[in-house]
Enquirer: 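This is the structure I have questions about; it appears just below.
Only this structure's heavy atoms are used, side chains among them; waters, hydrogens and symmetry mates stay out. Every value quoted in this text rests on a predicted model; they were computed, and no experiment measured them.
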Amino acid sequence: MRIEHYLDELAAEAIMKASGVAAPALLRRAKDPSFGDYQINGVMPLAKIAGKPPRELARSIAENLASQEAISRAEVAGPGFINLHLSLDWICKQLRSMGADAKRDGVPLVEKADKIVVDFSSPNIAKQMHVGHLRSTIIGDALIRLLRFVGHEVIGDNHLGDWGTQFGLLIVGMRRFGSRDELKRNPIEELGRIYKLANAAAKQDEAVADQARLELAKLQAGDGENREIWKSFLETSRVELERIYGRLGVSFDTWLGESFYQDMLDDVVADLVKRGIAREDGGAVCVFFDDISELAALKTPLIVQKKDGAFLYATTDIATALYRRDHLLANRVLYVVDQRQSLHFRQLFAVMAKLGVTMRLEHIGFGSVLGTDNKPLKTREGNLISLSELLDRAEERAAERMRCEGLNLSAQQISDLAPIVGIGAIKYVDLQQNRLSDYQFDWDKMISFKGNSGPYLQYAHARIQAVFRKGGIEPKSLMTDTPLYIEHDTEIALAKQLICFADTIHQAAETSYPHLICDHLYSLARLFSSFYEQCPVLKAEPKQRTTRLLLSSIVSRQIKRGLALLGIEAPNRM
RNA sequence: GCGCCCGUAGCUCAGUUGGAUAGAGCGGCGGCCUUCUAAGCCGCGGGUCAGAGGUUCGAGUCCUCUCGGGCGUGCCA
């Protein structure tokens with residue numbers, strides 16, 4: 001059950017009864033425990049409009065709410081806040097129902113399911129993936145898991161950068177400097193190498209540049225040999241990408257790269273022109289936005305065809321969106337792409353609107369990767385750590401840690417756990433902060449297992465499992481219909497945090513902010529650690545013991561579920 | 001030039017879309033392992049929310065300006 005949602009409705013009804021006006025209750029979680037658990041902030045603005053004294057209005061609303069089962073006390077405070085104290089009995093009731101709901105841990109499904117395409121990861125197959133590419137992959141994967149869990153139908157699409165001007169150069173480079181064997185072994189590295197060489201050659205020698213343009217034109221015209229070389233680029237790269245995705249536990253429903261849409265582009269442009277949306281300007285075909293003030297001020301059109309007749313990624317994006325509407329039957333598309341491309345997406349979405357497309361199109365932007373000097377990481381230098389090396393080192397660090405903890409884990413167990421803990425740590429750093437903020441890549445922080453980190457949450461989960469193991473108790477066997485005895489401060493705090501789970505999950509899904517889940521889980525794990533220190537579970541008296549076991553069990557399930565929604569595993573021991 | 005974003009503790013960041021006394025982590029200092037995993041817990045210290053105006057019952061959050069930083073900006077993706 002979504003507690004906050006529920007209370008907000010109760011409050012809105014009470015406001016309606018007291019004032020006869022349908023006004024938002026503006027219910028929020030109280031920051032300070034002395035203000036209760038939730039507070040209603042909507043009375044003051046309402047009183048203003050109604051011309052009534054706010055405290056008086058608040059009093060009649062509060063009286064109305066006090067009779068609700070969920071609320072033990074509702075009191076007017078300050079200029080017209082209403083502080084709500086939840087009834088402990090009611091909280092326990094919620095906990096029991098969460099405890100009984102093994103399938104969804106009390107998280108309801110959305111009322112209306114969407115069909116959503118999530119466009120994410122989308123690496124350029126000719127470029128080495130590095131930490132900068134990680135964000136789209138990790139955030140996109142988390143969003144897919146989340147959206148599915150709340151009931152949407154989701155298609156995860158890897159919109160590969162497998163087409164474009166670079167392939168002319170790559171074909172020339174492959175013929176001149178390339179090695180088929182090397183392409184098989186280390187495709188992306190080999191492509192990077194020959195691209196560099198070909199690029200340098202083209203800069204020195206105009207004939208090479210001409211040759212590249214010619215090869216590109218041949219490729220686009222369907223030339224058999226060039227097509228075959230291009231396909232070998234694609235296939236070998238895919239194998240390598242799958243390897244990394246496999247380590248990350250990320251998968252896709254479709255891999256419809258840019259090349260997939262190429263034969264639709266003529267029609268896209270012709271249609272735009274026919275409808276008067278695009279027009280020729282300086283030899284190129286452009287869409288102008290004179291009618292949209294924010295975009296008009298920029299004075300930059302969206303170019304859909306270059307003067308040499310070639311199409312651009314904007315053209316592909318339009319075709320892609322149409323395809324997603326007409327063939328995938330989506331009503332929503334999420335683009336998990338670097339925030340720096342926001343102008344492109346604003347323009348793209350504006351064009352789609354002009355085309356009468358009513359799908360919800362959302363740019364899920366994220367900040368750039370910066371170095372510890374706060375300057376953007378440069379991709380050209382070799383000083384960037386490759387993705388696989390990053391993963392290796394995180395795993396090593398995790399294994400090392402487990403060896404010196406004295407955990408009685410076998411070498412086999414440690415090597416099985418290392419990827420779960422190490423990669424979990426990496427994913428968590430990425431997801432834990434607001435995605436729009438720039439991302440400071442700090443090696444030490446990336447594989448730090450302290451504080452607000454993935455391993456901290458996994459650790460809390462593992463400790464709970466250890467309690468159940470030691471007690472010889474099967475969590476599933478816990479009776480959820482027996483009364484609970486929540487008394488201790490840390491038990492109460494824990495219980496109040498637990499009942500926020502459904503709200504948090506839905507809020508994260510609605511806003512595409514996975515870090516909200518991290519916030520919840522971290523608070524939960526902290527409260528649990530505190531509880532764990534202060535309240536013995538196994539040695540408690542029978543009444544308390546049952547309660548504490550149930551609390552522990554729900555905490556562990558929430559952590560496991562929450563992490564799973566982020567694409568992170570929670571092992572039973574570590 | 002124009003447009004977008006950002007400026008919160010020494011460092012890295014949250015801050016629930018305008019709510020009450022601004023919070024975490026890391027780092028620093030001091031405690032806690034014969035008791036369910038110390039990757040932990042408890043405590044202390046740390047702030048002109050860049051600055052100045054404005055809007056109102058109420059501003060880190062909204063509007064204007066100034067300073068500082070980042071990014072984007074017609075034929076790359």
Side-chain angles (χ1 to χ4, degrees), chain A residues 4 26 28-32 34-35 39 41 44-45 47-48 54 77-81 83 122 124 127 161 164-166 258 281-286 288 294-295 297-308 310 312-314 316-317 337-344 346 365 367-368 370 372 374-376 398 401-402 405-408 421 432-434 436-438 440 442 444-445 448-453 455-456 458-460 462-471 503-504 507 511 515-516 518-519 522-523 525-526 529-530 532-540 548 552 573-574:
Chain A
E4 205 168 318
L26 302 179
R28 300 288 126 89
R29 283 181 76 178
K31 265 184 198 162
D32 187 325
S34 67
F35 297 147
Q39 61 185 55
N41 298 334
M44 291 165 285
K48 180 125 199 158
F81 298 102
N83 292 336
S122 310
N124 188 319
K127 283 185 197 155
T165 45
Q166 53 184 330
E258 294 176 347
D281 186 88
V285 182
C286 307
F288 290 90
E294 323 96 79
L295 291 175
L298 290 161
K299 293 186 166 37
T300 37
L302 186 72
I303 298 174
V304 293
Q305 187 166 23
K306 301 201 283 186
K307 65 181 165 198
D308 66 4
L312 299 99
Y313 82 124
T316 312
D317 277 354
V337 179
D338 195 313
Q339 185 59 24
R340 284 176 295 192
Q341 292 194 35
S342 66
L343 172 60
H344 167 72
R346 279 163 66 202
S368 319
L370 309 176
T372 37
N374 265 328
K375 287 182 180 159
R401 190 59 194 263
M402 280 182 274
E405 280 293 326
L407 290 168
N408 279 330
V421 176
Q432 162 268 346
Q433 91 175 11
N434 185 323
L436 286 170
S437 305
D438 281 346
Q440 196 185 57
D442 182 335
D444 291 327
K445 200 172 140 189
S448 156
F449 301 156
K450 294 199 289 192
N452 190 359
S453 67
Y456 177 84
Q458 291 170 325
Y459 182 67
R463 281 166 125 188
I464 297 172
Q465 296 307 311
V467 172
F468 281 96
R469 256 197 319 274
K470 194 142 281 186
D503 286 306
T504 304
Q507 210 183 342
T511 58
H515 81 280
L516 297 177
C518 298
D519 283 351
Y522 180 58
S523 302
R526 268 162 57 85
S529 297
S530 205
Y532 181 85
E533 295 282 330
Q534 293 175 49
C535 302
V537 177
L538 296 174
K539 286 178 187 158
R548 289 178 181 176
S552 300
R573 52 175 91 212
M574 62 185 280

Enquirer: Less than 4.5 Å apart, side chain to side chain, heavy atoms only: is that true for A:D503 and A:R29?
Expert: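 A side-chain contact under 4.5 Å is absent here.
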Enquirer: For A:M44 and for A:R573, find the nucleotide of RNA chain B with the closest heavy atom, then tell me which residue's nucleotide is more 5'.
Expert: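 Result: A:M44.
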Enquirer: Specify the separation, in whole Å, of atom CG of A:D519 and atom C1' of B:C13.
Expert: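 To the nearest whole Å, that distance equals 10 Å.
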Enquirer: Can A:Y459 be said to stack with the base of B:G40, given centres closer than 5.5 angstrom and planes under 30 degrees apart?
Expert: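 A stacking contact does not exist, since A:Y459 is not both close and nearly parallel to the base ring of B:G40.
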Enquirer: Looking at A:F449, does the NZ or CZ of A:R401 lie under 6.0 angstrom from its six-membered ring centre and within 45 degrees of the ring axis?
Expert: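 The answer is no; the distance or angle limit is not met.
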Enquirer: Taking CG from A:L370 and C1' from B:C71, how many angstroms apart are they, rounded to a whole number?
Expert: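 Nearest whole value for this atom pair: 11 Å.
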Enquirer: C1' atom, B:G23 versus B:G45: distance in rounded Å?
Expert: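 Taking atom C1' in both B:G23 and B:G45, they lie 16 Å apart.
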Enquirer: Rounding to an integer number of Å, can you tell me how far A:Q39 CD sits from B:U21 C1'?
Expert: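 After rounding, the reported distance stands at 13 Å.
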Enquirer: What is the pairing partner of B:C44, taking Watson-Crick or G-U wobble pairs with both distances under 3.5 Å in any strand?
Expert: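 Because both required distances fall under 3.5 Å, B:C44 counts as paired with B:G28.
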Enquirer: Starting from C1' on B:C13, measure out to CG on A:D442 and report it in whole angstrom.
Expert: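 It is 13 Å, rounded to the nearest whole Å.
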Enquirer: Could you measure the distance from the CD atom of A:Q465 to the CZ atom of A:R573? Nearest 0.5 Å is fine.
Expert: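 Here the interatomic distance stands at 10.0 Å.
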Enquirer: Let me confirm one number: the OH-CD1 distance from A:Y459 to A:I464, rounded to the nearest 0.5 Å.
Expert: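 That separation rounds to 11.5 Å.
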Enquirer: On a whole-Å scale, what distance lies between the P atoms belonging to B:G53 and B:U61?
Expert: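 To the nearest whole Å, 14 Å.
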Enquirer: Rounded to whole angstrom, note down the P distance from B:U66 over to B:G3.
Expert: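 Roughly 12 Å separates the two P atoms.
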Enquirer: Distance check needed: B:U17 C1' versus A:K31 NZ, whole Å only.
Expert: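 Distance check: A:K31 NZ to B:U17 C1' gives 13 Å.
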Enquirer: Do A:Y532 and A:S552 have side-chain N/O donor and acceptor atoms under 3.5 Å apart?
Expert: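 No - no donor-acceptor pair under 3.5 Å links their side chains.
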Enquirer: In whole Å, I'd like the distance from the CZ atom of A:R340 to the C1' atom of B:G70.
Expert: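 Rounded to the whole Å, the gap is 10 Å.
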Enquirer: Check for me: is A:F81 stacked on B:A20 by the 5.5 Å centroid and 30° plane-angle rule?
Expert: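 Yes, aromatic ring over the base.
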Enquirer: Using a cut-off of 4.0 Å on non-hydrogen atoms, how would the nucleic acid contact of A:K299 be classed: base, sugar-phosphate, or nothing?
Expert: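 No contact.
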Enquirer: Both distances under 3.5 Å, Watson-Crick or G-U wobble: report the partner of B:G18, or none.
Expert: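 Looking at the geometry, B:G18 pairs with no nucleotide.
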Enquirer: Expressed in angstrom and rounded to an integer, what is the separation of A:K307 atom NZ from B:C76 atom P?
Expert: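 Between P of B:C76 and NZ of A:K307: 10 Å.
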Enquirer: Looking only at atom P, what distance separates B:G69 and B:C29, rounded to whole Å?
Expert: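 About 35 Å, rounded to a whole number of Å.
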Enquirer: Quick check on RNA chain B: between A:D32 and A:D281, whose nearest nucleotide comes earlier from the 5' end?
Expert: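 Going by which nucleotide is closer to the 5' end, it is A:D32.
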Enquirer: Does the pair A:H515 and A:Q432 meet the rule for a side-chain contact (heavy atoms from CB on, under 4.5 Å), with working shown?
Expert: CA-CA 5 Å; A:H515 81 280; A:Q432 162 268 346; 5.7 Å; no
Enquirer: Verify the distance criterion only: is there a donor paired with an acceptor across the side chains of A:Q440 and A:D438 at less than 3.5 Å?
Expert: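 Side-chain D/A pair, A:Q440 to A:D438: absent.
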Enquirer: For A:L302 and B:U73, what is the distance between atoms CG and P respectively, to the nearest whole Å?
Expert: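 Those two atoms, CG and P, are 12 Å apart.
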Enquirer: Between B:A38 and B:G60, how far is it from one C1' atom to the other, in whole Å?
Expert: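 Straight-line distance between the two C1' atoms is 37 Å.
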Enquirer: Please state the C1' separation for the pair B:A14 and B:A22 - nearest whole angstrom.
Expert: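 Those two atoms are separated by 11 Å.
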Enquirer: In terms of side-chain heavy atoms of A:K450, which of B:C26, B:A38, B:A20 is nearest?
Expert: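 Nearest listed nucleotide: B:C26.
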Enquirer: Hunt down the Watson-Crick or G-U wobble partner of B:U73, both distances under 3.5 Å, from any strand shown, or write none.
Expert: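 Check on B:U73: paired to B:G1, both distances under 3.5 Å.
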Enquirer: Give none if B:A38 has no partner; otherwise give the nucleotide forming a Watson-Crick or G-U wobble pair with it, both distances under 3.5 Å.
Expert: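 Pairing partner: none.
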Enquirer: How would you label the contact of A:S529 with the nucleic acid (heavy atoms, under 4.0 Å): base, sugar-phosphate, or nothing?
Expert: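 Sugar-phosphate, no base atom in range.
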Enquirer: What's the gap between B:U34 and B:A39 when it is taken at their P atoms, as a whole Å value?
Expert: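 15 Å, rounded to whole Å.
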Enquirer: With a 3.5 angstrom cut-off on both distances, give the Watson-Crick or G-U wobble partner of B:G60, or none if there isn't one.
Expert: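 Pair assignment: B:G60 / none.
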